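Below is one structure; the comments refer to it alone.
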There are 2 protein chains.
Amino acid sequence: MAIFSKTCEYAIRAVFFLAHRSAQGGRVGIKEIAAGIGSPELYLAKILQELGRRGLVSSAKGPNGGFYLDAASLSRPLSDIVEAVDGDGIFRGCALGLKQCSETNPCPLHSQFKAIRDQIHHLLHRTTIGEFNEELVQGLLSLKK
Amino acid sequence: MAIFSKTCEYAIRAVFFLAHRSAQGGRVGIKEIAAGIGSPELYLAKILQELGRRGLVSSAKGPNGGFYLDAASLSRPLSDIVEAVDGDGIFRGCALGLKQCSETNPCPLHSQFKAIRDQIHHLLHRTTIGEFNEELVQGLLSLKK
DNA sequence: ATAATAAAGGACAAAAATATCTTTTATTAT
DNA sequence: ATAATAAAAGATATTTTTGTCCTTTATTAT
């Protein structure tokens with residue numbers, strides 16, 4: 001098991017790719033994004049459609065159309081992408097899948113995993129897509145598949 | 001997405017259940033385990049078969065047979081169960097699913113998730129099944145589904 | 001207006017994970 | 001030896017995730 005679903009991995013990579021590429025104001029076609037992040041084109045199209053419905057990415061049809069991120073999207077935390085795709089299972093929910101697990105009725109792993117979940121949430125919540133983009137632009141980090 | 005696969009959740013719960021129940025030396029039938037942790041009986045049987053092959057649980061056929069944990073199993077870290085079922089994806093591997101992601105060629109989430117992965121690994125590696133069992137015995141924690 | 005472009009949408013397909021069913025094998029008690 | 005018990009093993013079924021195909025809609029340029 002990975003941390004995120006494959007769908008979510010594609011989503012995050014695509015959004016980072018978009019942030020990077022749409023910095024100059026242009027739009028990016030699905031073909032280019034898919035090639036850039038190494039994902040199946042038509043599957044990624046579905047994912048971006050869904051992110052579009054939720055206002056996490058923008059798009060335009062027709063010639064010169066494509067996907068892009070507006071200012072509002074850039075200021076969203078990365079956790080919004082993760083929640084849109086994978087739900088909040090990674091932030092909440094019991095590590096052992098127990099419905100009744102809670103502070104007052106904890107499973108054997110409860111308190112330790114709560115700390116970890118909180119960390120993941122904090123990490124994804126405190127940093128916006130735009131901020132990640134700045135790091136990317138500085139060339140310190142890689143997105144290549 | 002949850003942290004562990006459903007299969008792994010069942011596996012951990014079953015092992016904790018076994019640790020608790022086989023403390024008095026008895027064996028526990030698959031029916032009783034499945035009922036105790038709220039899992040599908042025949043699916044759990046498959047999971048325990050696999051854990052058996054790997055020496056993580058023991059079993060005996062025939063009347064008075066069933067599953068149990070021997071001393072060796074009790075001294076194993078919980079990470080062995082997780083690795084047997086879910087592999088090491090949670091401990092290693094890139095959060096964004098990138099093959100080339102590494103210390104020298106990090107993805108945008110690399111360093112932050114490395115810290116989290118290490119924590120998860122440490123948490124699951126430093127504590128043995130038997131030690132979890134002791135906490136369970138003290139009645140502080142719940143396994144009820 | 002028309003043709004070309006590119007995303008949206010709906011239907012379908014393949015693969016993987018989860019779950020069930022049936023038969024076989026080993027063990028125990030009679 | 002025989003019958004009963006319980007896990008092991010193999011086959012099959014269902015559900016979810018991942019991936020593809022085809023048609024429609026909106027936009028742009030000619």
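Owing to the predicted nature of the structure, the values given are computational and were not obtained by experimental measurement. Letters A, B, ... are given to chains in the order of the sequence lines, protein chains preceding strands, and every chain is numbered from 1.
With sequence neighbours left out, D86(B) forms a salt bridge (charged side-chain N to carboxylate O under 4.0 Å, His left out) with no residue at all. By the salt bridge (charged side-chain N to carboxylate O under 4.0 Å, His left out) test, K6(A) is found to be paired with no residue, residues two or more places apart in sequence or in another chain being considered.
Residue K6(B) places at least one side-chain N or O under 4.0 Å from the OP1 or OP2 atom of dA19(C). When the side-chain nitrogen and oxygen atoms of T7(B) are compared with OP1 and OP2 of dA17(C), none of them lie within a distance under 4.0 Å. Using a 4.0 Å cut-off, no side-chain N or O of Y10(A) falls inside it from OP1 or OP2 of dT18(D).
What separates CG of L44(B) from P of dA8(D) is a distance of 11 Å, to the nearest Å. Taking atom CD1 of residue I47(B) and atom P of nucleotide dT18(C), one finds them 8 Å apart after rounding to whole Å. One atom, CD of E50(B), and another, C1' of dG10(D), lie 15 Å apart when rounded to the nearest Å. Across the protein-nucleic acid pair, M1(A) atom CE and dT18(D) atom C1' stand 15 Å apart, rounded to whole Å. For the pair E32(B) CD and dA6(D) C1', the interatomic distance rounds to 13 Å; values are reported in whole Å. Between the OH atom of Y43(B) and the C1' atom of dT14(D) there is a distance of 12 Å, given to the nearest Å.
A side-chain donor from one of T7(A) and Y43(A) sits under 3.5 Å from a side-chain acceptor of the other. A donor atom on one side chain and an acceptor atom on the other are not found under 3.5 Å apart for Q119(A) and Q112(B).
Pairs of Watson-Crick or G-U wobble type, with distances under 3.5 Å, assemble into runs of 3 or more in DNA chain D at these ranges: C:1-30 with D:1-30.
Considering K114(B), H121(B), H122(B) in turn, K114(B) is the only one that fulfils the side chain to side chain donor-acceptor pair (under 3.5 Å) rule with D118(B).
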Donor-acceptor pairs under 3.5 angstrom involving side-chain atoms of residues 26-33 of chain B: please list them, not counting sequence neighbours.
from, atom 1, to, atom 2, distance (Å)
E32(B), OE2, R21(B), NH1, 2.4
E32(B), OE2, R21(B), NH2, 2.7

Quiz: residues 54-66 of chain A side-chain donor-acceptor pairs under 3.5 angstrom, not counting sequence neighbours:
from, atom 1, to, atom 2, distance (Å)
R54(A), NE, E50(A), OE2, 2.7
S58(A), OG, D70(A), OD2, 3.4

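With R117(A) contributing its side chain and G93(A) its backbone, the two residues share a donor-acceptor pair below 3.5 Å. With E131(A) contributing its side chain and T128(A) its backbone, the two residues share a donor-acceptor pair below 3.5 Å.
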Extract from the structure each pairing of a protein N or O with an N or O of nucleotides 6-8 of chain C at less than 3.5 Å, listing the distance.
from, atom 1, to, atom 2, distance (Å)
dA6(C), O4', G62(A), O, 3.2
dA7(C), OP1, I30(A), N, 3.0
dA7(C), O3', S59(A), OG, 3.3
dA8(C), OP1, S59(A), OG, 2.8

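Along DNA chain C, the nucleotide closest to C8(B) and the one closest to L42(A) are compared, and the more 5′ of them pairs with L42(A).
Contact of K46(B) with dA19(C) (side chain to base): no donor-acceptor pair of N or O atoms is detected under 3.5 Å.
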